[in-house]
Number of protein chains: 2
Amino acid sequence: MSISEYSPSIGSVSPEYALLGFLSLDSAHGYELHQKLTAELGQVWHLSQSQIYSILNRLERKGLIQGTLQEQKKLPPKRLYKLTTAGQERFDDWLGSSSRPSARVIRIEFITRLFFAYSRDPDMAVQLVEEQIADTQARLQQLEDIQFTQPTGKIFNQMGLDLRIRQLNSILDWLISCRETLANSQKGAPTA
Amino acid sequence: MSISEYSPSIGSVSPEYALLGFLSLDSAHGYELHQKLTAELGQVWHLSQSQIYSILNRLERKGLIQGTLQEQKKLPPKRLYKLTTAGQERFDDWLGSSSRPSARVIRIEFITRLFFAYSRDPDMAVQLVEEQIADTQARLQQLEDIQFTQPTGKIFNQMGLDLRIRQLNSILDWLISCRETLANSQKGAPTA
DNA sequence: CGGATATACTCACTCAGTGAGTATATCGGA
DNA sequence: TCCGATATACTCACTGAGTGAGTATATCCG
């Protein structure tokens, strides 16, 4: 979800929190954030440079980050951003909240959250996975109920639902395997 | 994919073809299209009325559809749209093309295509499913190759890839079950 | 007869994402 | 030595997805 009253929500996952997340670890400028994002979550996010810069502008307008221009002798000046307290709060709230159980949202938003939760405290990451498993099971139940009430004539609606249910099931399997991985990496190697 | 040189592609599936599709079956106005879409593909698309109207405007600007204002005695005048030949061609091209094997694209774009293909000729729908199965298998192989080349340090990238692979697998299962359903409905009940 | 619901569309907005362009520096190879 | 590729660092103008509220009339039901 995007950071504002406006909430597109359906099918949309906002990259804003990913940037807030990296800034919560360390202040940085746009170019750097692009690199980190690509290196650490490149399989999750595909953001162009220009998108990064435009998001940074937006976040600054909203008062969640603040940038200061750093003159450099040789290279072009860079704008170093750091989180404001408002931004930190916003990010912390997000970090503790849960993701809508849908394929896209889980793949993008949830993994991003997991990444930052883990870097803060591996226990928290495991906790998040547990919660997400519960949410996903609940949603699965819901969809199965809906499936019964669907008119049988609309076979493509049925197919759509069927696919969604299958995908949620594969998400569930994945979450369970994540729980394993995280729980083990916690004992085996205390840091990432 | 959207209808223009501009192609957001990643994570985006354009609702334009859904509207072209319904207009290829019968000319209609915005309100009506919204109803049909909700009834027939409500589990696939969630378009607001305003979105429908804005897409219709765009399609008309692009010359793919043409609207004529129908005065009504009592109710407000409505704008009846029909496909232009350019629009018909564009839609036919799309109908024969294949979908990028990703969860979202399959769930939305592919099912939409299947719906219209089936209404034109059930054989064509089965054919589409076959092709999509092949594409999906190929993509699966690709992702599994990528998985090996991923640095093991980036566990969240790994998780992201793992999830994508699981989802593609569930899509594959679903496609196979679709092939069954469509093949049977073809013999059993020749019309939808 | 009065309020919910159906018909039919408009407008202003935020955010996602693309793609090309700007300007400078550094480093490796013909 | 210099020339082009690559890295640093950011800007701009654009299309399109999606929201949410508003307008105006008609009809139906209790």
Side-chain angles (χ1 to χ4, degrees), chain A residues 1-19 28-39 44-62 64 67-81 104-105 108-109, chain B residues 1-19 28-39 44-62 64 67-81 104-105 108-109:
Chain A
M1 274 198 262
S2 151
I3 303 180
S4 61
E5 288 85 311
Y6 169 85
S7 70
S9 171
I10 302 290
S12 127
V13 170
S14 161
E16 300 183 352
Y17 287 104
L19 297 190
H29 55 280
Y31 190 84
E32 219 176 321
L33 285 169
H34 183 249
Q35 286 182 316
K36 287 188 185 178
L37 196 64
T38 306
V44 174
W45 292 102
H46 301 272
L47 298 190
S48 65
Q49 279 197 349
S50 51
Q51 226 181 322
I52 302 274
Y53 291 111
S54 102
I55 294 168
L56 287 173
N57 281 331
R58 195 159 66 229
L59 291 174
E60 187 164 31
R61 270 205 315 278
K62 291 181 188 171
L64 300 177
T68 47
L69 212 62
Q70 313 265 298
E71 286 300 333
Q72 300 187 112
K73 315 154 201 142
K74 309 211 155 173
L75 286 167
K78 53 185 176 183
R79 207 164 168 74
L80 192 73
Y81 289 99
R104 183 174 160 77
V105 175
I108 299 183
E109 189 188 68
Chain B
M1 273 199 262
S2 150
I3 303 180
S4 61
E5 288 85 309
Y6 169 85
S7 70
S9 173
I10 303 288
S12 128
V13 170
S14 162
E16 300 183 353
Y17 288 105
L19 297 190
H29 55 279
Y31 189 84
E32 217 177 321
L33 286 169
H34 183 251
Q35 286 182 317
K36 287 188 184 177
L37 196 64
T38 306
V44 174
W45 292 102
H46 300 272
L47 298 190
S48 64
Q49 279 196 348
S50 52
Q51 226 181 320
I52 302 274
Y53 291 112
S54 103
I55 294 168
L56 287 173
N57 281 331
R58 194 160 66 231
L59 290 174
E60 187 164 32
R61 270 205 315 277
K62 291 182 187 170
L64 300 178
T68 47
L69 211 62
Q70 313 266 299
E71 286 300 332
Q72 300 187 111
K73 312 150 206 145
K74 308 211 156 176
L75 286 167
K78 51 187 178 182
R79 206 163 168 77
L80 192 73
Y81 288 99
R104 183 174 160 79
V105 175
I108 299 185
E109 189 189 68

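Numbered from 1 within each chain, the chains take letters A, B, ... in sequence-line order.
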J.: Calculate, to the nearest 0.5 Å, the distance between atoms OH and CD1 belonging to B:Tyr17 and B:Ile108 respectively.
T.: 15.5 Å

J.: Please give, in whole Å, the distance from C:dA16 C1' to A:Ile55 CD1?
T.: 8 Å

J.: Can you figure out which of D:dG18, D:dA9, D:dG16 approaches the side chain of A:Tyr31 most closely?
T.: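 My answer, after comparing the listed nucleotides, is D:dA9.
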
J.: Drop me the distance from A:His34's NE2 to A:Ile52's CD1, to the nearest 0.5 angstrom.
T.: 5.5 Å

J.: Whole-Å distance between D:dA9 P and A:Gln35 CD?
T.: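 Distance check: A:Gln35 CD to D:dA9 P gives 8 Å.
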
J.: Can you tell me how far C1' of D:dA13 sits from OH of A:Tyr53, to the nearest Å?
T.: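 The answer, rounded to whole Å, is 18 Å.
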
J.: Could you go through B:Leu80 and B:Lys78, starting from their C-alpha distance and side-chain angles, then the distance that decides it, and tell me whether this counts as side chain to side chain contact (heavy atoms under 4.5 Å, CB included)?
T.: CA-CA 6 Å; B:Leu80 192 73; B:Lys78 51 187 178 182; 5.7 Å; no

J.: Measure from the side-chain heavy atoms of A:Pro15 and tell me the nearest of C:dT18, D:dA7, C:dA16.
T.: C:dA16

J.: Once rounded to the nearest 0.5 Å, what's the spacing between atom OG1 of A:Thr68 and atom OH of A:Tyr81?
T.: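 Between atom OG1 of A:Thr68 and atom OH of A:Tyr81 there are 9.5 Å.
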
J.: Whole Å only: how far is the CZ atom of A:Arg58 from the C1' atom of C:dT14?
T.: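 Rounded to whole Å, this separation is 8 Å.
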
J.: Can you measure A:His34 atom NE2 to D:dC10 atom C1' for me and round it to whole angstrom units?
T.: 12 Å

J.: Find the distance B:Glu32:CD to C:dA8:P and express it as a whole number of Å.
T.: 8 Å

J.: Looking at the side chain of A:Gln51, which of D:dC10, C:dT7, C:dG17 is the nearest nucleotide?
T.: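 Among the listed nucleotides, the one closest to the side chain of A:Gln51 is C:dG17.
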
J.: Is it the case that D:dG20 (base atoms only) and B:Ser50 (side chain only) share a donor and an acceptor within less than 3.5 Å, ignoring hydrogens and angles?
T.: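 Indeed, a donor on one side and an acceptor on the other fall under 3.5 Å apart.
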
J.: From CD of A:Gln49 over to P of C:dG17, roughly how many Å is that when rounded to an integer?
T.: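 Checked: the CD to P distance equals 16 Å.
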
J.: Send over the distance from A:Tyr81 OH to D:dA9 C1', rounded to a whole Å.
T.: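 In whole Å, D:dA9 C1' lies 11 Å from A:Tyr81 OH.
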
J.: For the side chain of A:Lys78, starting at C-beta, report the closest nucleotide among D:dT19, C:dA8, D:dC10.
T.: D:dC10

J.: So which nucleotide from C:dA8, D:dG16, D:dG20 ends up closest to the side chain of B:Lys62?
T.: D:dG16

J.: Taking any heavy-atom pair under 4.0 Å as a contact, classify A:Ser54: base, sugar-phosphate, or nothing.
T.: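 If one applies the 4.0 Å heavy-atom cut-off, A:Ser54 turns out to touch nothing in the nucleic acid.
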
J.: Given A:Lys62 and A:Glu16, is the side chain to side chain contact (heavy atoms under 4.5 Å, CB included) satisfied, shown in steps?
T.: CA-CA 11 Å; A:Lys62 291 181 188 171; A:Glu16 300 183 352; 3.5 Å; yes

J.: For C:dA16 and A:Ser14 - does any side-chain N or O of the residue sit under 4.0 Å from the phosphate oxygens OP1/OP2?
T.: yes

